[in-house]
**Q** 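Once you've had a glance at the structure underneath, I'll fire off some questions.
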Amino acid sequence: QHNIASDFEAGATPAGTEVHVHTWIDATLREFVSQIQEVHAPARRRNARLDVGVVFPDRSGRRTLRKLAVVHSSRNSGIDARTLKALGV
């Protein structure tokens with residue numbers, strides 16, 4: 001299920017979809033997704049598609065969602081090797 005930026009207003013997180021991940025800025029998208037797969041069973045499905053994005057407050061304080069990439073659970077693509085830093089996180 002995809003969320004919209006307003007789902008995160010006032011510090012809220014969408015119920016049932018929150019996953020806390022602690023990682024380094026030089027982690028690749030594949031490493032980041034591997035961490036999610038360790039704790040979130042649906043992400044381990046062979047046909048799983050993970051849309052990676054960042055939610056942050058804009059200058060007016062409203063939550064903004066910036067999509068970073070789409071990563072497939074069982075298939076590597078060129079974007080998998082990019083670091084979070086290279087993606088502007």
Side-chain angles (χ1 to χ4, degrees):
Q1 173 187 1
H2 299 279
N3 298 306
I4 56 175
S6 62
D7 291 341
F8 297 91
E9 287 299 325
T13 54
T17 62
E18 182 178 2
V19 177
H20 287 259
V21 177
H22 298 271
T23 191
W24 300 104
I25 196 74
D26 62 350
T28 65
L29 272 178
R30 178 54 55 189
E31 292 169 333
F32 180 72
V33 166
S34 292
Q35 289 181 324
I36 294 170
Q37 289 173 322
E38 288 178 14
V39 297
H40 191 61
R44 293 190 292 267
R45 290 189 206 135
R46 180 173 166 76
N47 62 346
R49 177 186 132 157
L50 289 86
D51 294 321
V52 181
V54 178
V55 177
F56 60 94
D58 65 13
R59 292 178 189 215
S60 67
R62 295 192 66 205
R63 299 288 191 247
T64 301
L65 172 64
R66 184 165 62 98
K67 295 181 181 182
L68 297 176
V70 175
V71 180
H72 296 273
S73 65
S74 62
R75 181 178 62 193
N76 287 334
S77 67
I79 194 118
D80 291 17
R82 296 199 58 194
T83 65
L84 297 174
K85 183 177 182 178
L87 293 168
V89 175

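All values below were derived from every heavy atom in this structure, side-chain atoms included, with hydrogens, water molecules and symmetry-related copies excluded. In this chain, residues are counted from 1 in sequence order. Just so we're clear, the structure is a prediction, and the values are computed from it rather than from any experiment.
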**Q** Tell me the closest heavy-atom pair linking Ala43 and Ala48, and the distance in Å.
**A**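 Smallest heavy-atom distance, with atoms named: O-CB, 3.7 Å.
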**Q** How long is the span from the CZ atom in Arg45 to the NE2 atom in His40, to the nearest 0.5 Å?
**A**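 Nearest 0.5 Å value for the CZ-NE2 distance: 8.0 Å.
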**Q** For Gln37 and Arg44, indicate whether the former's side chain and the latter's backbone hold a donor-acceptor pair under 3.5 Å.
**A**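 No, Gln37 side chain to Arg44 backbone: no donor-acceptor pair under 3.5 Å.
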**Q** Quick one: closest heavy-atom pair of Asn47 and Ser73, and the distance?
**A**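 That closest heavy-atom pairing would be N-OG, 4.1 Å.
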**Q** Between Arg82 and Ala69, is there a donor-acceptor pair closer than 3.5 Å when you use the side chain of the first and the backbone of the second?
**A**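 Such a contact is absent between Arg82 side chain and Ala69 backbone.
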**Q** Decide yes or no on side chain to side chain contact (heavy atoms under 4.5 Å, CB included) for Asp80 and Thr28, but give the supporting numbers first.
**A** CA-CA 7 Å; Asp80 291 17; Thr28 65; over 6 Å; no
**Q** Grab the two heavy atoms, one from Leu84 and one from Trp24, that are nearest each other, plus how far apart they are.
**A**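 Nearest pair, atom of Leu84 first, then Trp24: CD1-O, 3.8 Å.
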**Q** Once rounded to the nearest 0.5 Å, what's the spacing between atom CG of Leu87 and atom CD1 of Ile79?
**A**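 Atom-to-atom, Leu87:CG and Ile79:CD1 are 5.5 Å apart.
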**Q** Between Gln35 and Thr23, is any pair of side-chain heavy atoms under 4.5 Å apart?
**A**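 In contact.
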**Q** How long is the span from the NZ atom in Lys85 to the CD1 atom in Ile25, to the nearest 0.5 Å?
**A**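 Answer rounded to 0.5 Å: 7.5 Å.
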**Q** Rounded to the nearest 0.5 Å, what's the gap from CG on Asp58 to CZ on Arg66? Could you check?
**A**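 Separation between the atoms: 13.0 Å.
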**Q** Give a yes or no on whether the backbone of Arg46 and the side-chain of Ser74 come within a donor-acceptor separation of less than 3.5 Å.
**A**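 Answer holds: yes.
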**Q** Of the non-hydrogen atoms in Val89 and Val54, which two are nearest, and what is the gap between them?
**A**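 Of all heavy-atom pairs spanning Val89 and Val54, the closest is CG2-CG2, 4.0 Å.
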**Q** Would Leu68 end up clustered with Phe56 when hydrophobic side chains under 4.5 Å apart are linked, directly or stepwise?
**A**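 Yes, Leu68 and Phe56 fall within the same hydrophobic cluster.
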**Q** Is there a path of hydrophobic side-chain contacts, each under 4.5 Å between heavy atoms of I/L/V/M/F/W/Y residues, joining Val55 to Val70?
**A**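 Each belongs to a different hydrophobic cluster.
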**Q** Of all the heavy-atom pairs spanning Arg75 and Arg30, show the shortest one and how long it is.
**A**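 Where Arg75 meets Arg30 most closely, the heavy atoms are O-NH2, 3.3 Å.
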